[in-house]
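Note that the numbering runs from 1 along the sequence shown for the chain.
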Amino acid sequence: MVVGFVGLGNMGFYMAKNLISKSPNDMIVYDINKEATKRFSQIELEKTSDSGSKNARIRVANNLAELAESSDYIITMLPESAHVKSAYLGENGLLSKLKPGTVCIDSSTIDTDVSVQISSTIIENGGIPLDAPVSGGVMGAEAATLTFMVGSRNSSEFENAKSILELMGSKVIHCGDLGAGQTVKICNNMLLGSAMIATAEAMALGTKLGVDPKLLATVINSSSGRCWSSEVSNPCPDVLPNAPSSRDYSGGFATKLMLKDMNLSLNAAKSQKIPLFLASLSTQIYGHACAENELANKDFSSVYKWINKK
């Protein structure tokens, strides 16, 4: 069986690496960034007893049509709705050479309406679509502890894809029909984005008032203020050695991508006429942070830097 993987960015690289490392399946990959595909094709994998390096199981596609023509499963991990639409619907895109029965799993975080639209087109072309966005960040992708939120037509198609997803994550949850995975992910990231800003404000206030940041984080994480943003990816530098904040906010989930996800939640809320007061303000804050070019491509916890200097 051949698995096609599209999108080898901060998240996708580690997801694909876990997939090829933990399964016997061959893999064909594609990314518009040729350095990303070169880096992936050179990853160190354990040796086989007969043919040397397992790297021979990795092939780089010249285009998306070639990848689709060769794949039994296709996983896409792309930044925005426009990228997913282009990958599937564009000239020489995935649907141009899709084999009947190919399982198409989109792990990008995009508009629910766009996800459902693409899924319908996949079905029309004989494929089996699932939306399966993830939570857990780059650290979760690297450690294969991601949570997958999955939308599918039925439980049998979910179970079929689950065995693949479990190689990249620790939790695979069936959320409902097509599009349900995207809806759950949008709600999760809306909460995460707001919680990170609240955590950054608390850490900035405490340190400005003279409290040791590590002590402050320890107390918060053993008290009612504890959350993922305080415990796993604390925005204050040098509190957690493995957090992006302790690496000058590099290697995480970009602030501009969090801004995109916050806007997805606002768009969804507008369609349902639901007011989102805190999420609206948080979206504005991420917009201000992204206006400072140095923070746009940094991990979204870098909003701490924007808050701390105000």
Side-chain angles (χ1 to χ4, degrees), residues 5-16 31-33 36 75-87 106-115 118 131-142 146-149 168-169 181-200 228-229 232-235 243-245 247-269 276 279-307:
F5 202 103
V6 181
L8 298 171
N10 289 338
M11 297 281 291
F13 179 89
Y14 291 113
M15 291 168 65
D31 195 294
I32 58 172
N33 182 350
I75 299 170
T76 46
M77 186 62 177
L78 300 168
E80 300 183 21
S81 297
H83 300 118
V84 180
K85 289 178 73 172
S86 178
D106 181 34
S107 288
S108 318
T109 299
I110 62 175
D111 279 299
T112 300
D113 290 346
V114 173
S115 179
I118 293 172
D131 50 289
V134 302
S135 178
V138 175
M139 291 181 285
E142 186 172 5
L146 294 170
T147 294
F148 285 87
M149 294 152 268
M168 300 178 285
Q182 292 293 350
T183 296
V184 172
K185 177 61 191 298
I186 288 171
C187 293
N188 177 80
N189 274 26
M190 179 185 74
L191 178 58
L192 171 62
S194 299
M196 181 59 80
I197 290 174
T199 302
W228 185 90
S229 297
V232 178
S233 187
N234 197 289
S245 59
R247 305 190 301 269
D248 192 29
Y249 300 98
S250 65
F253 186 68
T255 306
K256 64 182 181 181
L257 294 180
M258 178 53 77
L259 176 61
K260 180 264 296 186
D261 287 359
M262 296 299 292
N263 277 312
L264 289 179
S265 69
L266 296 186
N267 292 340
L276 298 178
S280 296
L281 180 56
S282 297
T283 303
Q284 292 178 43
I285 293 172
Y286 284 116
H288 287 303
C290 282
E292 301 185 12
N293 292 331
E294 64 166 307
L295 301 185
N297 292 305
K298 298 285 189 179
D299 181 74
F300 74 106
S301 61
S302 64
V303 72
Y304 175 85
K305 293 183 70 174
W306 185 84
I307 289 168

**Report entry** Met262 versus Ser265, closest heavy-atom pair with distance
**Finding:** O-OG, 2.6 Å
Query raised in the report: Hey, are the side chains of Ser282 and Met196 touching, using non-hydrogen atoms and a 4.5 Å cut-off?
Result: no
Query raised in the report: Hey, are the side chains of Leu259 and Thr283 touching, using non-hydrogen atoms and a 4.5 Å cut-off?
Result: yes
**Report entry** Minimal non-hydrogen separation, Ser108 against Gln182, with atom names
**Finding:** O-NE2, 2.8 Å
Query raised in the report: Taking the side chain as C-beta and beyond, is there a heavy-atom pair between Ile110 and Glu80 under 4.5 Å?
Result: no
Report task. Indicate the ring-plane relationship of Phe300 and Trp228, choosing parallel, tilted or perpendicular according to the 30° and 60° boundaries. Result -> parallel
Query raised in the report: Salt-bridged, Lys305 to Glu294, with N to O below 4.0 Å?
Result: yes
Requested in this report: Find out whether Ile75 and Met168 are in side-chain contact, i.e. whether some heavy atom of one side chain is under 4.5 Å from a heavy atom of the other.
Outcome: yes
Query raised in the report: Judged by modelled atom types alone, do Ser301 and Ser245 share a side-chain donor-acceptor pair under 3.5 Å?
Result: no
Query raised in the report: Does the side chain of Asp248 pick up a donor-acceptor pair with the side chain of Ser250 at under 3.5 Å?
Result: no
**Report entry** Thr183 and Thr112: CA distance, side-chain angles, deciding distance, side-chain hydrogen bond (donor to acceptor under 3.5 Å, both in side chains) verdict
**Finding:** CA-CA 6 Å; Thr183 296; Thr112 300; 3.3 Å; yes
Report summary line: Taken in chain and number order and not counting sequence neighbours, the residues that satisfy salt bridge (charged side-chain N to carboxylate O under 4.0 Å, His left out) with Asp113 are none
Query - Flag for Thr255-Ser302: side-chain donor and acceptor within less than 3.5 Å - result: yes
Query raised in the report: Hey, does Pro79 have a side-chain heavy atom less than 4.5 Å from the side chain of Lys256?
Result: no
Donor-acceptor pairs are to be reported for all side-chain atoms of residues 184-193 against protein atoms at under 3.5 Å, with residues two or more places apart or in another chain.
{"residue": "Lys185", "atom": "NZ", "partner": "Thr109", "partner atom": "OG1", "Å": "2.8"}
{"residue": "Lys185", "atom": "NZ", "partner": "Val134", "partner atom": "O", "Å": "2.7"}
{"residue": "Asn189", "atom": "ND2", "partner": "Asp261", "partner atom": "OD2", "Å": "2.6"}

